Peer 1: 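Okay, here's the structure, questions in a sec.
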Amino acid sequence: MHLLLVDGSGYIFRAFHALPPLSRKSDGLPVGCVQGFCNMLFKLTQDLEGDEAPTHMAVIFDAKGKTFRDDIYDQYKAQRPPPPEELVPQFPLTRAATRAFSIPAIEMEGWEADDIMATYACLARDRGFKVTIASSDKDLMQMVEPDGSIRLLDTIPRPGQPPLRWIGAEEVFARFGVTPDKVIDVQALCGDSVDNVPGVPGIGVKTAAELINAYGDLETLLARAEEIRQPARRQRLIEHAELARISKRLVTLERQVPVTLDLDALAREPISPASLFPFLKAMEFNTITRRLATLLEADPDLFEADPALRAGGDAPLAGVPQKSTSLSVAKAKLAANVVPGTGPARHAAEEHARVKAIPVDHGAYEIVTTPDRLAACIARIVDKGRVAIDTETTGLDPQQADLVGICLSTEIGEGCYIPVGHAKPGDLLGGDGLVEGQLPVREVLEALRPVLEDPSILKIGQNVKYDMEVLFRYGIVMTPADDTMLISYALDGPRYNGLDILAEHWLSHKTFTFAELAGTGKAQKSFDQLEIAAAARYGAEDADITLRLWHVLKPRLAAENATTLYETLERPLAPVLARMEARGITVDRQILARLSGDFAQRAAAFEAEAHALAGESFNLGSPKQLGDILFGKMGLEGGTKTKTGAWSTGADVLEDLALKGVPLARTVVDWRQLTKLKGTYTDALPTYINPRTGRVHTSYSQASVLTGRLSSNDPNLQNIPVRTEDGRKIRSAFIAPPGKVLVSADYSQIELRVLAHIADIQALKDAFEEGLDIHAMTASEMFKVPIEGMPSEVRRRAKAINFGIIYGISAFGLANQLGIARSEAGDYIKTYFERFPGIRDYMDAQKTRVKADGFVTTIFGRKVQFPNANSGNPSERAFVERASINAPIQGSAADIIRRAMIRMEPELHKAGVEADMLLQVHDELIFEVPEGTEDRAIPVIRKVMEGAAEPAVRLTVPIRVDAHAARNWDEAH
DNA sequence: GCAAGGACGTA
DNA sequence: GTACGTCCTTGCA
């Protein structure tokens, strides 16, 4: 048996003096000592292995308040200053840390930690334990046993010495010149200036040891003081005998402290992830969390930050559940000790007020044109450890635009603009025609590279994905990065995107607009055509504003419990998307050109036919003109609809007319389809082929969809046709380059599975578990028909209902979709609810929630806000109800694929599989893999996608992914 | 030259 | 019935 006693208070002070201060990121709570304490504690348990591994363990702390020593000598420790202010809140946190490691934390009022340790040491020794006291305090040396049953362990790192230094009788002798049992006699004579133990003036350790060794012990020495030869020494001993006796009582440790915790209660317990990770997460100790997660083979994502301790904690600290009441002798008065007024919400509000009050001064910005000034700027960044950055480029396409300038800001109100690519007026070709006085772009980037790639320097940007991609083309991998746009998105959804809107809303500051500088429309200048001075004001302001917004928004993450969302679903996705965008996808120009010709011909034929049928020539592309002809001239019946009072000529209306025998309607529908495909795809897509890469690079917007989905633009590759035969021809123009194939992997019925999980619909879950055709199963349940030989119309209706459920079904909408009477649709819905009653409960719950809270959430904690949930407008309210039903389903599915995307690249790498992720289409991922390796890539891809929710959420339905490889997207899909 | 509306492509 | 982006026409500046 081996008892390890840790001098907790000693550890805290050591951490305080040895480590630089550290504040919790999200609210500034000082936590440096807590972190140091955790590291030391963990290292200690790691270092003591094998024979030295303790079977019992406790961390002992000094309690606040007086001890018996204060009664003996009122000057005891009197000169000791009160603990530094930033240390105070960390005292209770170190107790909590100890318990988080499943170790008893012990303190007792009226006793010092040393007394408690002495008591336990004796108790344990008497029961045959080996005892180790982890402390460097010389006061504990009196406890050392010559037989090695009690030893001290000094773990303070000292250069040139082993990390663990055992202190036995020999070491004690080296220190005090006596055996351990005489240490208190020596201390009684020599005193201790640190603790204000007086001792006998003029007697140091050496003299004291010599005297004790000569006379045996203090009392004998004092009794025979007259015999001492040296007059001064003799005189002092006689004169200060009482002081020596008092000193001895002060330094003698009490070995009979009435401890309430039995030795058996100190038996080691394995570290419990359930108590450890909530604490570490609350402290935001990411490095330790990762290290321990690896060591414990546990997944920290399974645990939420301890609500009582985290920034923005919603429970009073006093409410921290004690790990085990029998173990908690320590009554850490947590609540009382956390500095009042450091609540994250208050911190966030204070930061907002502080930052908002600092005026924007465009005169304070510097234009950097010399290596010296650039070096000074970089030095400030290194010193600060973070920088707001904004790159200015010749255009908006990150795959084509060239760098014109770089804006940096390290302090609010400051900003540097480094022009590198401003062109001489009139010289539209750039190249040699650069304005003089600018530093060469290569030189600037090489100087900045160490900063931009330094993992310890945070780069802050607004939409950093853009800057990452631009810089990547110049060979720079910018990391790590924080993104004010994504922070805002995690907090408020897509409501405030754009730096200008954010600045206006949070800082009440109107930024320069690019249009103000560069004009608008055709005459708009590109950035490189701007005057450097004007560009500097605009650009440096953007960096300055970005930094301000970061100061305002970042603390809100903790205050509003959005940190996990931001850190796990937003922040890590941006670089993944940047790489996907940079890769692009190959599109076969020839295929599209041929299709364009084909579509044009056929459309022209339809157009002629339509004009003939209408009896006049008109613009087929004008719904207005078409409506006039159909419902005016031809006098057909049809709903006026559309909120502006115009004739409605949507496809469903025309389809209806066609069935009623209006050939023009059919012709228009066909014409529209062809011209749509031609205009949006076959004509437009080739113009997006990047001349440098020969590929099409979409741009994903990570922060513009209410539910957490991505959107794709310029071009939108998330709406490439698939439903019609002509449409699929377009899809087949998306190809793999020679030697590669495309792999398409898509989630099967992800939203219905998510619904089954969230709403807890057992029948649906069973069906998915058994791999049934879910729509057929629904039909069978609803209409009481066997799945075998089911008419396709029956299944089609059930399918429409299933989708309707996801969209927040209404009888009106379902009737429209199925072309049946509203009453019949209502009956279907009623039947569905009767058959799956959990669905109705789920829907009611979302409606109630959105009205009460103004938001609903996904299973990963993403909030989807509906500010007008209680609108006075009934149709608006109904809309919010439907959207609030859909949002958790669509949003949870979106979160799942996000998680898959974030994990995909490292997992592929780990598996040694080469596969480039190119596109995401909501429930589908497209990869490019070397031909012949698809059978190795697909299992990895599937595994990552199917397991993406875990371990944060354990879904109660299986997730299935279908994946295929082919030379083009149509065949792979 | 720009914004709004209608229509239609996707999940 | 949910969530998007793009193309085209229209109407106003």
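These numbers come from a predicted model, not from an experiment. Here is the naming used below: chain letters follow the sequence lines, and residue numbers restart at 1 for every chain.
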Peer 1: Considering only NZ, NE, NH1 and NH2 on the basic side and carboxylate oxygens on the acidic side, decide whether A:Glu946 and A:Arg960 come within less than 4.0 Å.
Peer 2: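 No salt bridge links A:Glu946 with A:Arg960.
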Peer 1: Quick check: any donor-acceptor pair below 3.5 Å linking the side-chain of A:Gln718 to the base of B:dT10?
Peer 2: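 No, the side chain and the base share no sub-3.5 Å donor-acceptor pair.
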Peer 1: Could you please name the option among C:dA3, B:dG9, C:dG1 that lies closest to any side-chain atom of A:Asn816?
Peer 2: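 Closest nucleotide to the A:Asn816 side chain: C:dG1.
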Peer 1: Using whole Å, what does the distance between atom P of nucleotide B:dA11 and atom CD of A:Gln749 come to?
Peer 2: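 So the CD-P distance, A:Gln749 to B:dA11, works out to 12 Å.
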Peer 1: Taking the side chain of A:Asp714 as heavy atoms from C-beta outward, which of C:dT6, C:dC4, B:dA11 is closest to it?
Peer 2: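 So the nucleotide nearest the side chain must be C:dT6.
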Peer 1: Which nucleotide in the list B:dG1, B:dG6, C:dT9 gets nearest to the side chain of A:Asn619?
Peer 2: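 For the A:Asn619 side chain, the nearest candidate turns out to be C:dT9.
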Peer 1: Among C:dG1, B:dG6, C:dT2, which nucleotide sits nearest the side chain of A:Pro623?
Peer 2: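 My answer, after comparing the listed nucleotides, is B:dG6.
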Peer 1: Pick the closest DNA chain C nucleotide for A:Pro715 and for A:Lys624 by heavy atoms, then say which residue is nearer the 5' end.
Peer 2: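 Comparing both residues, the 5'-ward one is A:Pro715.
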Peer 1: Counting the atoms with a prime plus P, OP1 and OP2 as sugar-phosphate, which does A:Gly804 contact under 4.0 Å by heavy atoms, base, sugar-phosphate, or nothing?
Peer 2: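 Touches a base.
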Peer 1: Looking at A:Gln625, does any N or O in its side chain come under 4.0 Å of the phosphate oxygens OP1/OP2 on C:dT10?
Peer 2: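 Checking A:Gln625 against C:dT10: at least one side-chain N or O falls below 4.0 Å of OP1 or OP2.
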Peer 1: Can you find a donor-acceptor pair, distance only, under 3.5 Å between A:Asn719 side chain and B:dG9 base?
Peer 2: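 Yes, the side chain and the base share a sub-3.5 Å donor-acceptor pair.
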Peer 1: Can you tell me how far P of B:dG9 sits from NE2 of A:His973, to the nearest Å?
Peer 2: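 A:His973 atom NE2 is separated from B:dG9 atom P by 16 Å.
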Peer 1: Which nucleotide wins on minimum distance to the side chain of A:Thr642, given the candidates B:dC8, B:dG6, B:dC2?
Peer 2: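 The closest nucleotide is B:dG6.
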Peer 1: Using atom CG of A:Asp628 as one end and atom P of C:dT9 as the other, report the distance to the nearest whole Å.
Peer 2: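 To the nearest whole Å, that distance equals 16 Å.
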Peer 1: Does the ring center of A:Trp671 lie less than 6.0 Å from the ring center of A:Phe606?
Peer 2: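 Here the rings of A:Phe606 and A:Trp671 have centres that are no less than 6.0 Å from each other.
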Peer 1: Reckon A:Ser711 has a side-chain N or O less than 4.0 Å from the OP1 or OP2 of C:dG5?
Peer 2: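 A:Ser711 to C:dG5 OP1/OP2: side-chain N or O found under 4.0 Å.
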Peer 1: Using only side-chain N and O atoms of A:Thr649, determine if any of them is under 4.0 Å from OP1 or OP2 of B:dG6.
Peer 2: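 No, because none of the side-chain N or O atoms of A:Thr649 sits under 4.0 Å from OP1 or OP2 of B:dG6.
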Peer 1: Contact class for A:Ile809 vs. all strands (heavy atom < 4.0 Å): base, sugar-phosphate, or nothing?
Peer 2: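 Base contact - A:Ile809 has a heavy atom under 4.0 Å of at least one base atom.
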Peer 1: Counting only side-chain heavy atoms from C-beta out, which of B:dA11, B:dG1, C:dC4 sits nearest to A:Val722?
Peer 2: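 Of the options given, the side chain of A:Val722 lies nearest B:dA11.
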Peer 1: Taking only side-chain nitrogens and oxygens of A:Thr707, does any of them come within less than 4.0 Å of OP1 or OP2 of C:dA3?
Peer 2: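 Looking at the OP1 and OP2 atoms of C:dA3, neither is under 4.0 Å from any side-chain N or O of A:Thr707.
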Peer 1: Taking OP1 and OP2 of B:dT10, is either one under 4.0 Å from a side-chain nitrogen or oxygen of A:Asn716?
Peer 2: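 For A:Asn716, the contact criterion (side-chain N or O under 4.0 Å from OP1 or OP2 of B:dT10) is not met.
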Peer 1: Less than 3.5 Å apart, any donor N or O on the side chain of A:Thr707 or A:Gln890 sitting next to an acceptor on the other?
Peer 2: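 A donor-acceptor contact under 3.5 Å links the two side chains.
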Peer 1: Does a side-chain N or O from A:Thr644 land closer than 4.0 Å to OP1 or OP2 of B:dG6, or not?
Peer 2: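 It does, given that an N or O in the side chain of A:Thr644 lies less than 4.0 Å from OP1 or OP2 of B:dG6.
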Peer 1: Rounded to whole angstroms, how far apart are CH2 on A:Trp671 and P on B:dA7?
Peer 2: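 Those two atoms, CH2 and P, are 13 Å apart.
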Peer 1: So, OP1 or OP2 of B:dG9: does either fall under 4.0 Å of a side-chain N or O from A:Arg723?
Peer 2: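 Checking B:dG9 against A:Arg723, no side-chain N or O comes under 4.0 Å of OP1 or OP2.
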Peer 1: Which is true for A:Ser810 with a 4.0 Å heavy-atom rule: it touches a base, it touches only sugar-phosphate, or it touches nothing?
Peer 2: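 Base, at least one base heavy atom under 4.0 Å.
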Peer 1: A:Leu717 CG to C:dT6 C1': how many Å, rounded?
Peer 2: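 Between C1' of C:dT6 and CG of A:Leu717: 12 Å.
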Peer 1: Counting only side-chain nitrogens and oxygens, does A:Arg709 get under 4.0 Å of the OP1 or OP2 atom of C:dT2?
Peer 2: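 So the side-chain polar atoms of A:Arg709 never come under 4.0 Å of the phosphate oxygens OP1 or OP2 of C:dT2.
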Peer 1: State whether A:Ser622 places a side-chain N or O below 4.0 Å from either non-bridging phosphate oxygen (OP1 or OP2) of C:dT10.
Peer 2: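 True: A:Ser622 side-chain N/O within range (under 4.0 Å) of C:dT10 OP1/OP2.
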Peer 1: Donor-acceptor pair, A:Thr680 side chain versus A:Leu677 backbone, under 3.5 Å?
Peer 2: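 The answer is no, because no donor-acceptor pair under 3.5 Å joins these two groups.
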Peer 1: Is any side-chain N of the basic residue among A:Arg602 and A:Asp670 closer than 4.0 Å to the acidic one's carboxylate O?
Peer 2: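 Salt bridge: no.
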Peer 1: State whether A:Ser704 places a side-chain N or O below 4.0 Å from either non-bridging phosphate oxygen (OP1 or OP2) of C:dC4.
Peer 2: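 Negative; the distance criterion is not met.
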Peer 1: Contact class for A:Ile720 (heavy atom, under 4.0 Å): base, sugar-phosphate, or nothing?
Peer 2: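 The answer is sugar-phosphate, as A:Ile720 gets under 4.0 Å only of primed atoms, P, OP1 or OP2.
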Peer 1: Would you kindly give the NE2-to-P distance between A:His922 and C:dT2, to the nearest whole Å?
Peer 2: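 A:His922 atom NE2 is separated from C:dT2 atom P by 16 Å.
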Peer 1: Could you check how far CG of A:Asp652 sits from P of B:dA7, rounded to whole Å?
Peer 2: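 Distance check: A:Asp652 CG to B:dA7 P gives 9 Å.
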Peer 1: Quick check: any donor-acceptor pair below 3.5 Å linking the side-chain of A:Lys676 to the base of C:dC7?
Peer 2: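 No.
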Peer 1: Starting at atom CG of A:Leu626, determine the distance to atom P of C:dT9, rounded to an integer number of angstrom.
Peer 2: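 So the two atoms are 13 Å apart, to the nearest Å.
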Peer 1: Please determine, by modelled atom types, if A:Gln718 and A:Ser712 share a side-chain donor-acceptor pair under 3.5 angstrom.
Peer 2: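 There is no such pair between these side chains.
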Peer 1: Taking the six-membered ring where the residue is Trp, are the ring centres of A:Tyr681 and A:Phe599 under 6.0 Å apart?
Peer 2: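 When the ring centroids of A:Tyr681 and A:Phe599 are compared, they turn out to be at least 6.0 Å apart.
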